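This one's a predicted model, so the numbers in the text were calculated from it and none came from an experiment. Position 1 is the first residue of the sequence; numbering continues from there.
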Amino acid sequence: MKPPYLIKKSLRFVVGFLILLSIQLFSEWLLNILNFNFPPVIFGMIMFALLLNFKIISLKLVKDICNFMISILPSLFVPLLVGITVYWGIIRQNFLGILLSIIFATFITMILTAVFVDKVMEWTGKKNV
């Protein structure tokens with residue numbers, strides 16, 4: 001690899017990370033200002049998707065950092081597993097309710113995602129392609 005390539009790739013990593021961080025901070029700030037009770041992470045992801053869709057943010061700028069973040073995603077679940085071991089007694093007592101909630105929420109999420117994707121495909125005109 002040539003050094004200019006490494007510099008260019010490193011710069012894309014930094015710029016992409018700053019873009020993602022800015023969107024996240026802006027979503028938290030906006031929801032706080034509006035006093036709206038909504039998860040800032042989800043709101044940030046929606047904003048990010050819209051910014052990419054309307055080509056306000058170039059995919060080239062964030063592609064490298066997004067691929068990297070996806071590659072390390074499993075390691076981000078370690079704190080969750082530690083939390084499960086800490087609260088195992090409470091989880092065991094409510095296991096059936098938790099399991100049914102997860103199944104129900106997954107089912108509802110799948111339905112809502114399918115409806116949302118269908119509507120977006122209608123709006124963009126890509127449904128009958």
N32, L31, I33 screened by side-chain contact (heavy atoms from CB on, under 4.5 Å) with W29, the one that passes: I33
Can you tell which of I19, I46, I56 makes a side-chain contact (heavy atoms from CB on, under 4.5 Å) with L51? I56
Sidechain-backbone polar pair: S27 side chain, P40 backbone, donor-acceptor under 3.5 Å: yes
Test of understanding: with ring pair (Phe, Tyr, Trp, His ring centres under 6.0 Å), list the residues that count as partners of [X], not counting sequence neighbours.
X   : value
F38 : none
W88 : none
F17 : none

Non-neighbouring partners of [X] that pass side-chain contact (heavy atoms from CB on, under 4.5 Å), sequence neighbours left out:
X    : answer
L112 : I108
S58  : K60, L61
V117 : T113, M121
L20  : F48, I65, C66

Listing request: all salt bridge (charged side-chain N to carboxylate O under 4.0 Å, His left out) pairs with a residue in residues 11-40, at least two apart in sequence or in separate chains. R12-D64
Distance in Å, L18 CG paired with L25 CG, rounded so as to fall on 0.5 Å steps: 10.0 Å
Are [X] and [Y] connected, step by step, through hydrophobic side chains (Ile, Leu, Val, Met, Phe, Trp, Tyr) whose heavy atoms are closer than 4.5 Å?
X    : Y    : answer
I111 : I42  : no
F107 : F116 : no
M45  : L52  : no
L34  : M47  : yes

Distance-only check: which donor-acceptor pairs under 3.5 Å involve side-chain atoms of residues 90-106, not counting sequence neighbours?
{"from": "N94", "atom 1": "ND2", "to": "I90", "atom 2": "O", "distance (Å)": "3.1"}
{"from": "S101", "atom 1": "OG", "to": "G97", "atom 2": "O", "distance (Å)": "2.8"}
{"from": "T106", "atom 1": "OG1", "to": "I102", "atom 2": "O", "distance (Å)": "2.7"}

Cluster companions of M110 among Ile, Leu, Val, Met, Phe, Trp, Tyr (side-chain spacing under 4.5 Å): none
Heavy-atom side-chain proximity of F43 to L30 below 4.5 angstrom: yes
Do V15 and V62 come within less than 4.5 Å of each other through their side chains, counting heavy atoms only? no
Step-by-step side-chain contact (heavy atoms from CB on, under 4.5 Å) determination, I23 to I57: CA-CA 11 Å; I23 292 169; I57 294 176; 3.7 Å; yes
With K63, which residues qualify under salt bridge (charged side-chain N to carboxylate O under 4.0 Å, His left out), at least two apart? none
Distance-only check: which donor-acceptor pairs under 3.5 Å involve side-chain atoms of residues 69-80, not counting sequence neighbours?
{"from": "S71", "atom 1": "OG", "to": "F68", "atom 2": "O", "distance (Å)": "2.6"}
{"from": "S75", "atom 1": "OG", "to": "I72", "atom 2": "O", "distance (Å)": "2.6"}

